[in-house]
Amino acid sequence: MQIVDAQIHLWTNDKAPPHHRQVPFRFDAAVREMDAAGVDRAINCPAIWDPESNAYAVEAARLHPDRFATLGWFNLLREPDSQFLDEFVKQPGMLGLRFIIWTKEQQELFAGERLDWIWEGADRLGIPVGYMLPANQYGRLASIAARYRRMRVLIDHLGVSPALKIPEAVAHLDDLLSLAAHSNIAVKATGVPSMAMDAYPFASTHSVLQRVVRSVRATQSILGTDITRLATSWRECITLFTEELPWLKGDDLELVMGRAVCDWVGWS
């Protein structure tokens with residue numbers, strides 16, 4: 001069974017926010033940790049606190065094409081330019097895009113039509129776009145997904161803020177699962193240990209994960225860690241799914257652990 005982590009961050013500067021590692025996380029260190037944890041591949045979401053992170057992601061994917069692929073980002077305020085987008089995703093390992101829609105300004109921008117050129121381009125190219133956004137933006141995201149059917153949407157962290165614990169962390173779960181009606185929306189179970197009320201095997205999260213997989217379907221339920229903000233080990237993030245959830249097995253387990261995300265982002 002191939003294990004693919006759907007979200008890590010690689011970066012080289014010392015500007016990480018407090019909830020992430022305070023030292024750079026380079027691809028050579030990531031490869032060592034992945035090998036130790038039994039992780040075959042990882043999708044890098046270049047760190048937004050490092051302005052050179054996209055270029056570093058391209059280098060990582062070029063040197064290790066079998067280990068890293070990328071969902072890159074750029075300034076949402078840049079002038080609309082479809083040619084720029086076409087060239088951006090031609091870079092080695094650049095399979096799609098990922099944006100954070102969190103601040104008031106970002107949410108106001110997302111609510112309007114100013115960014116439609118990005119979604120139109122993603123739809124034309126048939127590429128994935130990841131989003132970290134609050135539940136109050138799900139309605140807007142649903143309308144975008146319905147309009148641009150060839151754009152494959154990924155929602156980070158089950159929509160959970162890194163600062164929240166269960167049950168507050170999943171108060172929005174009904175709204176999240178309602179998005180499952182859109183066949184081009186998938187959810188990433190990334191950073192799950194951070195919302196747990198208990199230590200490994202994080203039993204407080206098990207019923208949440210079961211509900212998500214059964215509601216959203218295994219083909220749209222995707223494992224990831226966001227490892228650099230977790231206190232637990234990478235290996236424990238994997239065995240949470242492979243050893244501690246007896247209801248997750250067979251084809252569904254293989255999908256959640258890697259096959260689904262590779263299909264979703266086009267990483268053959």
Side-chain angles (χ1 to χ4, degrees), residues 3-10 41-48 53-54 57 61 68-74 76 85 88-89 93-102 106 110 115 118-123 125-135 137-162 172-173 175-192 209 212-213 215-227 229 237 241 255-268:
I3 296 176
V4 183
D5 191 326
Q7 182 164 336
I8 68 168
H9 302 298
L10 299 177
R41 293 175 163 189
I43 295 177
N44 175 25
C45 299
I48 62 169
S53 61
N54 279 307
F68 299 112
T70 309
L71 299 182
W73 63 276
F74 50 79
L76 291 171
L85 181 58
F88 187 84
V89 298
M94 193 68 70
L95 300 182
L97 308 170
R98 184 248 181 185
F99 299 106
I100 294 178
I101 310 294
W102 203 263
Q106 289 166 343
F110 185 67
L115 305 180
I118 303 175
W119 324 142
E120 289 169 359
D123 184 72
L125 295 167
I127 60 174
V129 181
Y131 298 88
M132 179 177 172
L133 77 177
Q137 297 299 317
Y138 287 173
R140 172 59 175 157
L141 182 62
S143 67
I144 292 171
R147 181 177 179 184
Y148 303 110
R149 300 294 301 163
R150 295 186 69 247
M151 179 181 72
R152 299 187 300 280
V153 173
L154 291 155
I155 300 176
D156 287 2
H157 312 325
L158 297 179
V160 175
S161 166
H172 67 292
L173 198 59
D175 293 332
L176 175 71
L177 298 182
S178 71
L179 296 175
H182 298 268
S183 61
N184 60 331
I185 295 181
V187 297
K188 291 157 57 177
T190 44
V192 169
L209 293 171
V212 168
V213 173
S215 299
V216 183
R217 298 179 295 276
T219 54
Q220 293 165 252
S221 307
I222 290 169
L223 162 79
T225 64
D226 202 12
I227 189 63
R229 70 172 172 88
C237 292
F241 288 82
L255 282 164
V256 170
M257 298 307 295
R259 184 149 51 91
V261 73
C262 287
D263 290 346
W264 201 264
V265 303
W267 193 4
S268 61

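Predicted model, so just to flag it, every value in this text is computed and none were measured.
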(request) For W119, enumerate each residue passing the ring pair (Phe, Tyr, Trp, His ring centres under 6.0 Å) test, keeping only those at least two apart in sequence or located in another chain. (result) Y131
(message) Do F110 and L141 have side chains that approach each other closer than 4.5 Å (heavy atoms only, starting at C-beta)?
(response) yes
(request) Could you pull out the closest heavy-atom pair between G72 and N54, with the gap in Å? (result) CA-OD1, 3.4 Å
(message) Between I144 and V153, is there a side-chain heavy-atom distance shorter than 4.5 Å?
(response) no
(message) Please report the interatomic distance CZ(R259) to CD1(I3), rounded to the nearest 0.5 Å.
(response) 13.5 Å
(message) I'd like to know if the side chain of R217 pairs up with that of Q220 as donor and acceptor (distance under 3.5 Å, no hydrogens or angles considered).
(response) yes
(message) Testing the basics here: between A260 and A218, what is the closest heavy-atom pair and its distance to 0.1 Å?
(response) CB-O, 3.7 Å
(request) Evaluate the side-chain proximity of V4 to W267: yes if any heavy-atom separation is below 4.5 Å, no if none is. (result) yes
(request) Indicate yes or no: at least one non-hydrogen side-chain atom of W264 is less than 4.5 angstrom from one of T219. (result) no
(request) Evaluate the side-chain contact (heavy atoms from CB on, under 4.5 Å) criterion for residues V89 and L97: first the C-alpha distance (whole Å), next the side-chain angles of each, then the deciding distance (0.1 Å), finally the verdict. (result) CA-CA 8 Å; V89 298; L97 308 170; 4.3 Å; yes
(request) Supply the atom-to-atom distance M151 CE to I185 CD1, rounded to the nearest 0.5 angstrom. (result) 8.0 Å
(request) Return the set of residues passing ring pair (Phe, Tyr, Trp, His ring centres under 6.0 Å) with F99 (not counting sequence neighbours), or none when no residue passes. (result) F74
(message) Donor-acceptor check, side chain of T190 to backbone of H157, threshold 3.5 angstrom: yes or no?
(response) yes
(request) Mind listing the closest non-hydrogen atom pair of A135 and H172 along with its distance? (result) CB-CB, 3.7 Å
(request) State whether the side chain of D226 and the backbone N or O of G191 hold a donor-acceptor pair below 3.5 Å, judged by distance alone. (result) no
(message) For a quick test of reading the model, state the closest non-hydrogen atom pair linking G121 to L85 and the distance between them.
(response) CA-CD2, 3.6 Å
(message) Evaluate L10 against T70 for side-chain contact (heavy atoms from CB on, under 4.5 Å), listing each step before the verdict.
(response) CA-CA 10 Å; L10 299 177; T70 309; over 6 Å; no
(message) Please report the interatomic distance OG(S161) to CE(M132), rounded to the nearest 0.5 Å.
(response) 6.5 Å
(request) Mind listing the closest non-hydrogen atom pair of V192 and A189 along with its distance? (result) CG2-O, 3.6 Å
(request) Can you measure from CD1 (I100) to CD1 (I48) and round to the nearest 0.5 angstrom? (result) 3.5 Å
(request) Take F241 and L209 through the test side-chain contact (heavy atoms from CB on, under 4.5 Å) and record every step on the way to the result. (result) CA-CA 9 Å; F241 288 82; L209 293 171; 4.1 Å; yes
(request) Answer whether the closest heavy-atom distance between the side chains of L95 and I127 falls below 4.5 Å. (result) no
(message) Please determine whether side-chain contact (heavy atoms from CB on, under 4.5 Å) holds for the pair V212 and L173, giving the CA-CA distance in whole Å, both sets of side-chain angles, and the decisive distance to 0.1 Å.
(response) CA-CA 9 Å; V212 168; L173 198 59; 4.1 Å; yes
(request) Would you indicate whether the side-chain heavy atoms of L71 and Q7 approach each other to under 4.5 Å? (result) no
(request) Answer yes or no: is there a donor N or O on one side and an acceptor on the other, between the side chain of S53 and the main chain of A47, under 3.5 Å? (result) yes
(request) Would you check if L76 and I101 make a side-chain contact, meaning some heavy-atom pair closer than 4.5 Å? (result) yes
(message) Could you check whether any side-chain heavy atom of I8 comes within less than 4.5 Å of a side-chain heavy atom of T225, counting everything from C-beta outward?
(response) yes
(message) If we check side chain to side chain contact (heavy atoms under 4.5 Å, CB included) with I222, which of these qualifies: V256, V265, L154, I155?
(response) L154
(message) According to salt bridge (Lys or Arg N to Asp or Glu O under 4.0 Å), does anything in residues 146-158 pair up with another residue at least two apart or in another chain? List the pairs.
(response) R98-D156, D116-R147, D156-K188
